Amino acid sequence: MGKRKKPWGGRFAGPTERKVEEYTASLPFDWRLYPYDIQGSIAYARALVKAGVLTEVEGGRITRGLEEIRKELDEGELDLDPAHEDIHMYIEHRLIEKVGELGGKLHTGRSRNEQVALDLRLYLRGEIGRIVHEIRDLQEALLEQAERHLDAVMPGYTHLQRAQPVLWSHHLMAYVEMLARDAVRFQDCLTRITVMPLGSGALAGTAYPIDRDALAQDLGFPEVSRNSIDAVSDRDFALEFLAGASIIMMHLSRLSEEIILWATAEFGFVDLPEAYATGSSLMPQKKNPDVAELARGKAGRVFGGLVALLTAMKGLPLSYNRDLQEDKEAVFDAVDTLRGTLQVLAPMVQGLRVDAERMRQATEEGFLNATDAADYLVSKGLPFRQAHEVIGTLVRYCLEQKKRLDQLSLKELLQYSPLFDEGFYSYIALDASLKRRGNVGGTAPERVREAILMARDELKKGKG
Ligand code: ARG
């Protein structure tokens with residue numbers, strides 16, 4: 001049985017069952033909100049002074065007490081006894097130990113329901129800043145690779161079947177685009193995160209003349225929540241964050257999957273940097289892409305967090321319910337997983353050694369220029385559907401003859417269409433194929449160069 005008297009223990013004659021304390025405590029994980037809880041409490045103490053609830057002197061003592069607690073916690077002094085329940089109660093308990101009964105005034109007109117909402121908002125604001133920075137680092141690594149091998153050609157795939165030639169740099173730039181959307185998604189989500197809930201009380205609003213706008217300003221939030229019931233029961237911002245984290249993890253997982261494929265002997269397009277590969281305990285020759293595999297595997301737990309919180313919330317009546325405590329582990333785990341993944345992927349991508357020769361060789365087999373061959377006939381006036389049919393038949397002939405399209409003689413070609421002439425060979429050449437895709441968004445070297453410059457520019461602006 002928990003021995004300590006609870007701060008809410010007045011109406012209880014007996015103690016709480018120990019198992020219940022353990023079951024209900026969030027302190028084992030919400031301790032990491034302490035810097036934000038203290039920041040919020042210091043701002044709230046200031047608001048209480050302004051409201052005439054605390055004197056200046058009392059406000060000063062409380063603030064100093066809270067700062068001392070922050071220092072203690074920074075140094076790792078924390079009593080994780082679940083009897084404390086959560087970080088809010090723990091800090092209040094330490095404050096009362098430090099400044100005496102005065103510490104008991106800090107919670108005047110305030111509820112943990114709004115307090116925890118504020119803490120999570122402050123926490124996410126900080127983490128998003130760091131995440132966006134780390135996204136930029138990965139974009140930078142991709143850009144560097146793209147620039148290093150600007151003209152390397154590889155087979156582009158659909159259905160994981162060789163489709164058309166593309167620049168390796170163009171392929172990497174696809175990820176730069178995806179990550180740009182991810183960064184913007186997180187930044188956009190900040191609009192809903194930076195809404196200040198204090199002053200909502202437990203659910204009905206506060207009976208004290210708290211200057212909510214001043215509080216918001218103090219905490220650097222541009223807005224205050226407009227409905228107290230919504231303010232204590234809303235976790236949309238956490239869901240949005242988890243959705244954004246899920247989408248970027250999906251992107252990182254796709255990138256990882258490609259790196260895993262590219263590093264196989266079958267592809268042989270890249271060689272992993274040694275510091276980002278692992279060996280086998282049994283097979284001496286192995287160099288395994290475990291980092292990329294884990295990045296792929298860890299996406300699942302982030303999606304899990306999103307689904308867990310959505311599910312936890314879907315049946316909740318307004319306003320606060322303890323189910324909402326389940327938000328934190330999902331969010332913390334998503335933050336750790338995402339940041340950890342970004343931090344290893346960026347240097348791994350940067351260190352990839354590219355075998356451009358091998359990539360180019362791969363473009364030779366698989367009729368990657370078949371579309372170009374059809375376009376050639378179109379340029380001679382044949383409707384595309386018919387051109388498609390002619391080249392399809394030619395491909396079948398090539399498969400039988402074990403030849404490539406460019407190895408067919410003009411005589412052979414003319415058996416399939418009278419429109420062929422010598423110009424066919426240069427038309428379907430690799431470089432010509434790339435060059436023709438010069439419209440915005442295409443793989444023509446000139447366009448890709450521009451795209452890289454633009455991305456560099458945006459990156460610089462985003463960081464500045
Ligand atoms: N630890 C709680 C949570 O994370 C804090 C809010 C508790 N509020 C309450 N009325 N029991 O949600």
Side-chain angles (χ1 to χ4, degrees), residues 2 4-12 15-41 44 69 73 78-95 104 106-127 193 195-207 225 228-239 241-242 305 308-336:
R4 191 182 295 115
K5 183 89 181 138
K6 302 282 186 231
W8 39 255
R11 68 97 64 222
F12 291 82
T16 312
E17 182 64 43
R18 184 67 183 174
K19 275 273 171 237
V20 170
E21 287 181 341
E22 285 167 4
Y23 188 70
T24 55
S26 52
L27 188 59
F29 48 87
D30 72 8
W31 61 265
R32 47 161 130 183
L33 292 176
Y34 80 82
Y36 309 101
D37 200 70
I38 289 173
Q39 184 187 3
S41 285
Y44 192 66
I69 297 169
L73 291 170
L78 167 66
D79 170 12
L80 278 175
D81 184 350
H84 289 300
E85 210 170 315
D86 56 31
I87 189 65
H88 326 293
M89 292 298 215
Y90 176 78
I91 290 173
E92 182 177 301
H93 159 79
R94 283 297 291 143
L95 184 65
L106 175 62
H107 213 53
T108 312
R110 184 176 70 166
S111 159
R112 277 183 294 158
N113 300 351
E114 50 180 349
Q115 197 176 349
V116 71
L118 174 69
D119 292 3
L120 198 60
R121 287 168 182 276
L122 288 167
Y123 165 81
L124 277 176
R125 175 178 65 178
E127 289 300 334
I193 287 176
V195 177
M196 206 289 299
L198 292 186
S200 300
L203 80 160
T206 180
S225 56
S228 59
I229 296 174
D230 180 42
V232 296
S233 62
D234 166 39
R235 291 293 182 276
D236 294 3
F237 63 95
L239 288 167
F241 173 80
L242 288 169
L309 185 56
L310 278 171
T311 311
M313 293 194 68
K314 71 177 274 292
L316 294 188
L318 300 182
S319 58
Y320 179 86
N321 300 271
R322 191 65 175 268
D323 317 43
L324 292 175
Q325 180 167 291
E326 290 290 310
D327 59 358
K328 277 171 285 296
E329 282 165 296
V331 166
F332 294 158
D333 188 69
V335 167
D336 293 345

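All residue numbers in this chain count up from 1 along the given sequence. Note that the structure is predicted; figures quoted are calculated from it, not measured. In listed order, ligands and their atoms are each counted from 1.
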Show me the short polar-atom pairs for ligand 1: any N or O of it lying under 3.5 Å from a protein N or O, with distances only.
from: ligand 1; atom 1: 1 (N); to: Ser26; atom 2: OG; distance (Å): 3.0
from: ligand 1; atom 1: 1 (N); to: Asp86; atom 2: OD2; distance (Å): 3.0
from: ligand 1; atom 1: 1 (N); to: Gln325; atom 2: OE1; distance (Å): 2.9
from: ligand 1; atom 1: 4 (O); to: Lys328; atom 2: NZ; distance (Å): 2.5
from: ligand 1; atom 1: 8 (N); to: Asn113; atom 2: OD1; distance (Å): 3.0
from: ligand 1; atom 1: 10 (N); to: Asn113; atom 2: OD1; distance (Å): 3.0
from: ligand 1; atom 1: 12 (O); to: Tyr320; atom 2: OH; distance (Å): 2.4

Sequence neighbours excluded, which residues qualify as salt bridge (Lys or Arg N to Asp or Glu O under 4.0 Å) partners of [X]?
X      : answer
Arg11  : none
Arg110 : none
Glu127 : Arg130, Arg339

Inset, instruction - In sequence, state the C-alpha distance, the side-chain angles, and the governing distance for Tyr90 and Tyr34, and then conclude on ring-ring contact (aromatic ring centres under 6.0 Å, His included). - result: CA-CA 10 Å; Tyr90 176 78; Tyr34 80 82; 9.5 Å; no
Legend entry - Check: Asn321 side chain, Ser319 main-chain N or O, donor-acceptor pair, under 3.5 Å: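 Side chain of Asn321 to backbone of Ser319, a donor-acceptor pair under 3.5 Å: yes, one is there.
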Legend entry - Arg32 and Asp336 ion-paired at < 4.0 Å: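 Looking at Arg32 and Asp336, the cut-off is met.
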